[in-house]
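As the structure is a prediction and not an experimental result, all values here were calculated from the model. Chain letters run A, B, ... following the sequence lines, proteins first, then strands; residues in each count from 1.
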Protein chains: 4
Amino acid sequence: MNDGPDIEGGGNAKTVAANQLRAFIERVERLEEEKKTIADDIKEVYAEAKGNGFYTKAIRELVKLRKQDAGERAEHEAIVELYKAALGMA
Amino acid sequence: MNDGPDIEGGGNAKTVAANQLRAFIERVERLEEEKKTIADDIKEVYAEAKGNGFYTKAIRELVKLRKQDAGERAEHEAIVELYKAALGMA
Amino acid sequence: MNDGPDIEGGGNAKTVAANQLRAFIERVERLEEEKKTIADDIKEVYAEAKGNGFYTKAIRELVKLRKQDAGERAEHEAIVELYKAALGMA
Amino acid sequence: MNDGPDIEGGGNAKTVAANQLRAFIERVERLEEEKKTIADDIKEVYAEAKGNGFYTKAIRELVKLRKQDAGERAEHEAIVELYKAALGMA
DNA sequence: CACTGGAAAATGCCGC
DNA sequence: GCGGCATTTTCCAGTG
């Protein structure tokens, strides 16, 4: 029923697998903590901007636009090719 | 413990709430079925296009681009205002 | 055997392909509109349920459960329990 | 009292605001990059677990469970069970 | 048939 | 406190 890593196998394979599982989970949890810390930092920046009289929503939009624009040039260059492909002119 | 709609309340309120709950769920299920039907129709269209020699991925991309462009003009017209707002020039 | 819709042919094959492409795209767009309408209907149902005091998160869960096949649900649960045991989680 | 960062003031207040705006945006962008790095690390951990034969979906579920407060988990479960009972679902 | 990428759903956040 | 929105996570089809 289980082709996983021998958690229910005989011997001490079970223990090994359990330890491994625990290790994976703890690594994930550690990383998620770090991620949350950074997310909080971002919130602080926005709060600070707001405290300086900036309109937060607009700043968020600008950040988003700049992110889009980054990937967009490459995409726009690809559009001509895209149309050709769509028309079967590959 | 529960400020929901009297499912555990005395009298026949329980029955009423259960019927109501069932009704909501069935409405959702019915709608999800319809939605799935349409999703399948969309897949069929793509399959047909593919059968006609078109490059499906490109068509998907074009559909997406057209959708973006729709909302985008309004947005671009709003950007100047946005920058002003971001600079506190509201 | 057919690498694209009539590109190689002379005459207005390209125009034909473009028209066909447009037709496919429009069919998809029409269907996606319908799909969105239904998605909105579903949201409305949940909103109405909420307005009647129900806990929508639980309703969503029930809808999902009812959709799942009993067998796969059991199997999934078995694995989770197995891992829990490995971690010493009651 | 201060509706925006020094717009009303004479001189180069506008430039100051623009610089400040740029600074906020760059701080956010820097942090979002870091956040993405960590998110990628998390994906890697799951990939590695998978490579070791683990069922990642179950691991994700465990991580979520461990994060949840026991009390709210119980409450949520209680409501789901209540609704199940109302629907006659074993 | 496992993997990647993209759509759909769910969660959480922000502003009102 | 709630509704709407954006992000995140989950799921699934398509692909090699």
Side-chain angles (χ1 to χ4, degrees), chain A residues 3 28 31-32 35-36 38-40 42-47 49-50 54-65 67-68 71 75, chain B residues 3 28 31-32 35-36 38-47 49-51 54-65 67-68 71 75 85, chain C residues 28 31-32 35-36 38-40 42-51 53 55-65 67-69 72 76, chain D residues 28 31-32 35-36 38-40 42-65 67-68 72 76:
Chain A
D3 26 71
V28 168
L31 288 166
E32 290 199 342
K35 190 150 76 86
K36 187 177 188 324
I38 295 179
D40 289 344
I42 293 174
K43 276 191 208 124
E44 272 180 59
V45 175
Y46 280 115
K50 187 174 192 171
F54 287 102
Y55 179 42
T56 311
K57 189 174 181 184
I59 298 185
R60 285 177 193 277
E61 189 71 21
L62 289 177
V63 169
K64 192 198 296 177
L65 286 172
K67 204 188 306 183
Q68 280 180 356
E75 183 162 9
Chain B
D3 27 74
V28 168
L31 287 166
E32 289 198 343
K35 191 148 77 84
K36 187 177 188 323
I38 295 179
D40 290 343
D41 288 348
I42 292 174
K43 274 189 210 126
E44 272 181 58
V45 174
Y46 279 116
K50 187 174 191 171
F54 287 102
Y55 180 43
T56 310
K57 190 175 178 181
I59 299 185
R60 285 178 192 276
E61 189 71 19
L62 289 177
V63 169
K64 193 197 297 176
L65 286 173
K67 204 188 307 184
Q68 281 181 354
E75 182 161 12
Chain C
V28 169
L31 288 166
E32 290 198 342
K35 192 149 73 83
K36 187 177 189 321
I38 296 179
D40 289 343
I42 292 174
K43 279 200 203 106
E44 274 180 57
V45 175
Y46 279 115
E48 192 183 332
K50 184 175 193 170
Y55 179 45
T56 53
K57 193 173 172 185
I59 298 185
R60 285 175 193 278
E61 198 167 329
L62 288 178
V63 169
K64 200 190 293 176
L65 282 174
K67 195 166 13 180
Q68 278 180 11
D69 175 75
E72 65 181 291
H76 172 81
Chain D
V28 168
L31 288 166
E32 290 198 343
K35 190 150 75 87
K36 188 179 188 319
I38 296 180
D40 290 343
I42 293 174
K43 280 199 201 105
E44 273 180 57
V45 175
Y46 279 115
E48 191 182 335
K50 183 176 193 171
N52 280 274
F54 285 100
Y55 178 45
T56 53
K57 192 174 172 183
I59 299 185
R60 286 175 193 276
E61 198 167 329
L62 288 179
V63 169
K64 200 190 293 179
L65 283 174
K67 194 167 10 181
Q68 279 178 10
E72 65 182 293
H76 173 83

Given atom [atom1] of [X] and atom [atom2] of [N], what is their separation to the nearest angstrom?
{"X": "B:Glu44", "N": "F:dG14", "atom1": "CD", "atom2": "C1'", "value": "17 Å"}
{"X": "A:Lys67", "N": "F:dT8", "atom1": "NZ", "atom2": "C1'", "value": "12 Å"}
{"X": "A:Tyr55", "N": "E:dC16", "atom1": "OH", "atom2": "P", "value": "6 Å"}
{"X": "D:His76", "N": "E:dG12", "atom1": "NE2", "atom2": "C1'", "value": "16 Å"}
{"X": "D:Lys36", "N": "F:dT9", "atom1": "NZ", "atom2": "P", "value": "12 Å"}
{"X": "C:Ile59", "N": "E:dA10", "atom1": "CD1", "atom2": "C1'", "value": "15 Å"}
{"X": "D:Leu62", "N": "F:dT10", "atom1": "CG", "atom2": "C1'", "value": "16 Å"}
{"X": "D:Leu65", "N": "F:dT9", "atom1": "CG", "atom2": "P", "value": "16 Å"}

State the [atom1]-[atom2] distance between [X] and [Y], to the nearest 0.5 angstrom.
{"X": "C:Tyr55", "Y": "C:Ile59", "atom1": "OH", "atom2": "CD1", "result": "11.0 Å"}
{"X": "C:Lys43", "Y": "C:Lys50", "atom1": "NZ", "atom2": "NZ", "result": "13.5 Å"}
{"X": "A:Gln68", "Y": "B:Gln68", "atom1": "CD", "atom2": "CD", "result": "7.0 Å"}

Exercise for the section: Before giving the answer on side chain to side chain contact (heavy atoms under 4.5 Å, CB included), spell out for C:Glu48 and C:Val45 the whole-Å C-alpha distance, their side-chain angles and the decisive distance to 0.1 Å. Expected result: CA-CA 5 Å; C:Glu48 192 183 332; C:Val45 175; 5.6 Å; no

Exercise for the section: Scan A:Val63, A:Thr56, A:Leu62 and name whichever one has a side chain to side chain contact (heavy atoms under 4.5 Å, CB included) with A:Arg60. Expected result: A:Thr56

Completion exercise
With five pairs defining each end axis, the helix from E:dC1-F:dG16 to E:dC16-F:dG1 comes out bent, to 10°, by 10°

Exercise for the section: Verify the distance criterion only: is there a donor paired with an acceptor across the side chains of C:Glu61 and D:His76 at less than 3.5 Å? Expected result: yes

Please list each protein N or O that sits under 3.5 Å from an N or O in nucleotides 3-8 of chain E, with the distance.
{"residue": "E:dC3", "atom": "OP2", "partner": "D:Lys50", "partner atom": "NZ", "Å": "3.3"}
{"residue": "E:dA8", "atom": "OP1", "partner": "C:Lys35", "partner atom": "NZ", "Å": "2.1"}

Handout entry: C:Glu44: partners by side chain to side chain contact (heavy atoms under 4.5 Å, CB included), with sequence neighbours left out
Key =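 Here the qualifying residues are C:Asp41.
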
Exercise for the section: Using a strict cut-off of less than 4.0 Å between a Lys/Arg side-chain nitrogen and an Asp/Glu carboxylate oxygen, indicate whether B:Glu32 and B:Lys35 qualify as a salt bridge. Expected result: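 No, this pair does not count.
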
Practice task
Considering non-hydrogen atoms only, spot the tightest contact between D:Ile38 and A:Leu31 and give its length.
Solution key: CG2-O, 3.4 Å

Handout entry: Phosphate-side-chain proximity, A:Thr56 and E:dG15, N/O vs OP1/OP2 below 4.0 Å
Key =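 For A:Thr56, the contact criterion (side-chain N or O under 4.0 Å from OP1 or OP2 of E:dG15) is met.
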
